[in-house]
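To start, the structure itself, in structure tokens.
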There are 4 protein chains.
Amino acid sequence: MFILHPGSGIPLYRQVVEQVRRLVASGQLAEGAALPSVRELALEHAVNPMTISKAYSQLEAEGLLQRHRGKPMTVAGGQGSQASPSRRVRQIEPQALQLVAAARQLDLSPADLAALIDRSWRKKP
Amino acid sequence: MFILHPGSGIPLYRQVVEQVRRLVASGQLAEGAALPSVRELALEHAVNPMTISKAYSQLEAEGLLQRHRGKPMTVAGGQGSQASPSRRVRQIEPQALQLVAAARQLDLSPADLAALIDRSWRKKP
Amino acid sequence: MFILHPGSGIPLYRQVVEQVRRLVASGQLAEGAALPSVRELALEHAVNPMTISKAYSQLEAEGLLQRHRGKPMTVAGGQGSQASPSRRVRQIEPQALQLVAAARQLDLSPADLAALIDRSWRKKP
Amino acid sequence: MFILHPGSGIPLYRQVVEQVRRLVASGQLAEGAALPSVRELALEHAVNPMTISKAYSQLEAEGLLQRHRGKPMTVAGGQGSQASPSRRVRQIEPQALQLVAAARQLDLSPADLAALIDRSWRKKP
DNA sequence: GTGGTCTAGACCACA
DNA sequence: GTGGTCTAGACCACA
């Protein structure tokens, strides 16, 4: 469900936050759906529970998740089932721009990059 | 020459390191070329000189840059003028994979992502 | 464990780097052993934590030390318990050569130097 | 006459200062003897003349050298021809202590170190 | 508790 | 002018 890259330089808790946001925006985590418990996730990714907890707390503060005493957190109401395509696209626009900037610094052509993206889609379906 | 994103979560000095690596791989910084001075870069990006210096030192340790007492650092020898396309592509493979993973989590289609990438190329040429 | 000479002209962080290398080579810091924490060492030697941190980071880049998020650094694997005598001797060969060169410039005899070394061994056992 | 180690961490001008002090203490540079010119030394060691000049100035301030308009600097009076053995030995005591400390950290025996010193004497006679 | 990043600022060595 | 070292101090991420 989540993929964490500890060596990427991006804080682990931020990686979790962003991934939950995406899964909610896409409807893969629908309104009311339960999230994996802090412990479970922490174990699975060999990470301290506090790291996951910090991510969940931030998402709760944003109003995206809801806490329930003694029960797993759930996706809060008011999201609809799936955000509009343009809203979803906007969530990865910064990364796309940075990737293109990197490709430019590597003197790669749009075709080179398109081919790389294509291969990446096929890699882990 | 460099673009820094202070809010991206990635340490500034790492952003510099990666960008220098790309510019060298692409030949835009050729063997023997002098790099912008630490102070110059620091001023331009409103960043502390030590942050730039840390990036340069790491690149020197890697053997990509060379120090010259009292003079600007230069791109070390043994780089050739431009790395092979496959070597260059490999430098952004991780980012491409992460972008695709994000697109998947957003339930975007390959076509959606391709369109986004296309638009990104046109944005700041 | 470490002895720092602030007035020696050699940067403090380099002194730390070299001493860790020696303690690892001799097996006094064995594979897996935890190093004193940055703050601890900094306090003990009345030195800024960043100075120690810089030394540790360099040793990590060399592969001699390993980072563990939130925990103390340790000596990396692949060192064996003690380097061979010849490898250990090689680590101070440059200093030995410089000392002999200095003795020559002072017109001291090999016996004079040997006596000095002898006395030095006895000084702080 | 002088040996400079740019990579040793010790500032070049300090290396010059210390070596002049030793050559004077040993009588190899006697009272009134002329020193190599700043330019000459700078060229020979591929170093900026200001670096040598700084060393000479410091030695002048110490009273060890004397400046003469248009002529090479000379060793100042009042040194006698050779300092006493104990005074000369004292000049390298700190280095000897550091070498012994390093040997201890490498878990070398006094015999190991003595052998290394012996070999070092023979290396560049 | 652990290490990491960044800043503002002083001062040094070298060209 | 160039880069390097060190400090004091704030704040962050992770266990």
Side-chain angles (χ1 to χ4, degrees), chain A residues 4 6 8-17 42 45-55 58, chain B residues 4 6 9-16 34-42 45-60 65-74, chain C residues 4 6 9-16 34-42 45-60 65-74, chain D residues 4 6 8-17 42 45-55 58:
Chain A
L4 297 187
S8 74
I10 299 174
L12 296 174
Y13 84 95
R14 273 186 71 155
Q15 298 184 32
V16 173
V17 165
H45 293 96
V47 142
N48 193 291
M50 278 196 38
T51 302
I52 307 294
S53 183
K54 182 172 176 183
Q58 181 168 330
Chain B
L4 298 187
I10 299 175
L12 295 173
Y13 84 93
R14 274 189 66 156
Q15 298 184 33
V16 174
L35 275 96
S37 85
V38 167
R39 285 160 167 92
E40 198 181 323
L41 261 192
H45 293 96
V47 139
N48 191 288
M50 271 202 46
T51 302
I52 306 294
S53 184
K54 188 171 176 180
Y56 279 13
S57 294
Q58 183 168 325
L59 289 161
E60 189 211 352
L65 299 186
Q66 265 180 332
R67 276 203 300 165
H68 306 278
R69 291 197 314 263
K71 289 193 276 183
M73 298 189 79
T74 59
Chain C
L4 297 186
I10 299 175
L12 295 173
Y13 84 94
R14 274 189 67 156
Q15 297 184 34
V16 173
L35 274 94
S37 85
V38 166
R39 285 160 167 90
E40 198 180 324
L41 260 191
H45 292 96
V47 138
N48 192 287
M50 272 203 47
T51 301
I52 307 294
S53 183
K54 188 172 176 180
Y56 279 12
S57 295
Q58 183 168 327
L59 289 161
E60 189 212 352
L65 300 186
Q66 264 181 333
R67 275 202 301 165
H68 307 276
R69 289 196 314 264
K71 289 193 276 182
M73 298 188 80
T74 59
Chain D
L4 297 187
S8 74
I10 299 175
L12 296 175
Y13 83 96
R14 273 186 69 155
Q15 298 184 33
V16 173
V17 165
H45 293 96
V47 142
N48 193 290
M50 277 196 38
T51 302
I52 307 294
S53 183
K54 183 172 175 182
Q58 181 168 329

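Proteins get letters first, then strands, A, B, ... in listed order; numbering begins at 1 in each.
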Sorted by position of nearest nucleotide on DNA chain F, 5' first, the leading residue of Asn48(C) and Ser37(B) is Ser37(B)
Only one of Leu65(B), Leu59(B), Thr74(B), Leu41(B) clears side chain to side chain contact (heavy atoms under 4.5 Å, CB included) with Leu35(B); which?
Leu65(B)
Before you tell me yes or no, could you show the steps for Arg69(C) and Asn48(A) under side-chain contact (heavy atoms from CB on, under 4.5 Å), namely the whole-Å CA-CA distance, both residues' side-chain angles and the distance that decides it to 0.1 Å?
CA-CA 10 Å; Arg69(C) 289 196 314 264; Asn48(A) 193 291; over 6 Å; no
Closest heavy-atom pair and its distance - Pro36(B), Tyr56(B):
O-OH, 2.7 Å
Show the numbers, then the answer: is there a side-chain contact (heavy atoms from CB on, under 4.5 Å) between Thr51(A) and Lys54(A)?
CA-CA 5 Å; Thr51(A) 302; Lys54(A) 182 172 176 183; 5.9 Å; no
Let me know, please, whether His68(C) or Arg39(B) comes out on the 5' side of the other along DNA chain F by nearest nucleotide.
Arg39(B)
Of Glu60(C) and Pro11(D), the one whose closest nucleotide on DNA chain E sits nearer the 5' end is Glu60(C)
CD1 on Ile10(B) to OG on Ser8(A), rounded to 0.5 Å
6.5 Å
Counterpart residues, salt bridge (charged side-chain N to carboxylate O under 4.0 Å, His left out), relative to Glu60(C) (two or more places apart)
Arg67(C)
Inter-residue atom distance Met73(C).CE - Ser57(C).OG, 0.5 Å rounding:
6.5 Å
The first and last nucleotides of DNA chain E lying within contact of chain B, meaning any atom under 4.0 Å from one of its heavy atoms, run from dT5(E) to dA15(E)
Please step through side-chain contact (heavy atoms from CB on, under 4.5 Å) for the pair His45(A) and Leu12(A), ending with a clear verdict.
CA-CA 10 Å; His45(A) 293 96; Leu12(A) 296 174; over 6 Å; no
Global bending angle along the helix from dG1(E)-dC14(F) to dC14(E)-dG1(F), which compares the axes of five pairs at either end, to 10 degrees
30°
Base, sugar-phosphate, or nothing for Arg14(A), non-hydrogen atoms under 4.0 angstrom?
nothing
Per nearest nucleotide of DNA chain E, the residue lying toward the 5' end, Met50(B) or Glu40(C), is Glu40(C)
